[in-house]
Structures are given as C-alpha cells and as structure tokens.
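Worksheet for the structure shown next.
Atoms within each ligand, like the ligands themselves, are counted from 1 in listed order. Note that this is a predicted model, so its numbers are computed, not measured.
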Amino acid sequence: MKIFLDTANLKQIKEAASWGIVDGVTTNPTLLSKEDQKFEELIKKICRVISGPVNVECVSTKSKDIIEEGRELAKLADNIVLKIPICVEGLKAIKVLSGEGIQVNTTLIFSPTQALLAAKAGARYVSPFIGRLDDISHEGMDLVDKIIAIFSNYGLETEVIVASIRHPLHVVDAALVGADIATIPFVVLDKMVKHPLTDIGMEQFLKDWSKVKR
Ligand code: E4P
C-alpha cells in the first residue's frame with residue numbers, strides 16, 4: 001500500500017520524507033489555511049521535497065472555472081494531482097482535464113456510486129473519507145471495500161485513496177481490504193511506528209549492553 005501524507009505542513013512533510021516511506025501528499029483548503037505561507041509558493045516547495053503525487057484542491061464550482069483553475073494549478077509542478085470534489089460540475093471537469101492528461105483525485109467521496117461515476121469520467125484516484133463516515137456512525141471502511149470490489153469487477157484502473165484517517169487501526173483496515181493508498185496525518189504516522197513493548201525492549205537491551213564484557 002502506498003502512503004501519502006495528509007498535510008500541508010512543510011516541516012512534517014520533510015520529516016516524514018526522511019523516513020523513506022512517503023509516496024505522495026494530499027492537501028486541502030483546511031490544511032492549507034493552517035500554514036503561514038503563500039499558497040503557490042508552499043505547493044512548489046512541497047513538490048520539490050516529494051517526487052510523487054502532490055494533491056491540490058480546485059475550489060471553483062462551475063465546470064468551466066474548475067477546468068481553468070485546474071490547468072493553472074497543474075502548471076505549478078509536474079507532479080501536481082488536482083483534487084476535484086464529486087458533483088455534476090466536477091464530473092464534467094474531470095472528463096476534460098483527464099482527457100488532457102492531467103491527473104485528478106475525486107474527493108469528498110461518500111458513496112460507491114460517486115466513486116463509480118468519478119472513475120467512469122476518467123479520475124486517476126478517488127478519495128473515500130472514512131473518518132467522517134465513522135463520525136456519523138457509518139462504517140467508513142465498508143465503503144472502501146465496496147469501491148474496491150466494483151473497480152475490480154470492471155477492471156477500472158482508478159486507485160482508491162483511503163482518506164480522513166483518524167488512527168492507526170484505520171490504516172491497518174485499509175491495508176487489509178487492499179486499498180491502493182492511505183493518506184495519513186503526521187500524528188497518526190508517528191503513532192504507527194511506536195509500541196510500548198519496543199520502548200521497554202530497547203531500554204532493557206541498552207541496560208544489558210552496558211554489562212557486556214567488551
Ligand atoms: C484527504 O485528501 C483529505 O485531505 C483528508 O483526509 C480529510 O480528512 P478530515 O476528515 O480529517 O478533514
């Protein structure tokens with residue numbers, strides 16, 4: 001499973017990239033609003049650190065405007081992927097932009113039908129938001145499971161990005177259902193490395209090493 005980092009924070013992106021496990025980055029307007037840097041400059045900096053896909057969201061609402069905005073955003077770097085929210089205007093824009101060879105990640109996916117339509121329109125990725133579904137007592141991972149089954153039934157090559165991840169178990173479940181990608185906040189990634197028994201074991205080994213005759 002590929003790992004994307006779900007943040008626009010350059011420090012976190014550089015740190016996680018240094019661990020050697022980051023395949024891409026997802027941003028959104030909310031994540032960008034937390035950063036004290038000009039949007040385009042920040043995106044260009046992220047694209048210099050991460051060679052894989054860097055996802056940037058279109059905020060226009062009419063297909064014509066989404067297309068124009070998307071073309072401009074795609075010029076920022078070679079590895080830009082456009083995030084376009086699922087809606088009728090979004091589908092029209094996905095068809096045109098994908099046809100021009102620009103990669104699109106259809107975002108805010110909450111149903112299998114939305115994912116199917118995005119794939120049919122030519123989206124390279126779909127992003128089901130599982131944490132937000134769990135928040136309202138729906139099984140977010142069931143949606144991921146269904147999307148994977150549908151894509152597999154018809155040989156659709158659109159990749160599934162499990163988004164809105166809240167904790168390491170979401171990542172485990174994403175991997176168990178065979179998701180292509182999980183996009184993970186830094187705080188969750190950090191928790192994925194740690195285990196209290198590892199800490200206890202390391203402490204004991206270091207203590208015992210000091211007693212070894214050398
Ligand atoms: C994914 O691309 C989104 O940026 C993100 O996962 C949304 O997560 P949230 O529900 O925590 O805002």
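For D65, there are no salt bridge (charged side-chain N to carboxylate O under 4.0 Å, His left out) partners at least two apart in sequence or on another chain.
Screening L82, N28, L32 against E57 for a side-chain contact (heavy atoms from CB on, under 4.5 Å) leaves a single residue, N28.
Hydrophobic clustering keeps I181 apart from V172 (ILVMFWY residues linked when any side-chain heavy atoms are closer than 4.5 Å, directly or through intermediates).
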Are there any N/O pairs under 3.5 Å between ligand 1 and the protein, and if so, what are their distances?
from	atom 1	to	atom 2	distance (Å)
ligand 1	2 (O)	K83	NZ	2.6
ligand 1	4 (O)	D6	OD1	3.0
ligand 1	4 (O)	N28	ND2	2.7
ligand 1	4 (O)	K83	NZ	3.3
ligand 1	6 (O)	D6	OD2	2.7
ligand 1	6 (O)	S164	N	2.7
ligand 1	10 (O)	R132	NE	2.7
ligand 1	10 (O)	S164	OG	2.7
ligand 1	10 (O)	R166	NH1	3.3
ligand 1	11 (O)	R166	NH1	2.8
ligand 1	12 (O)	R132	NH2	2.8

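Listed by first and then second residue, the salt bridge (charged side-chain N to carboxylate O under 4.0 Å, His left out) pairs involving residues 169-190 are D190-K194 (not counting sequence neighbours).
In this structure, F4 and Y125 have perpendicular ring planes: the angle between them is above 60°, well past the 30° mark.
Other cluster members for F205: none, since no ILVMFWY side-chain heavy atom sits under 4.5 Å from it.
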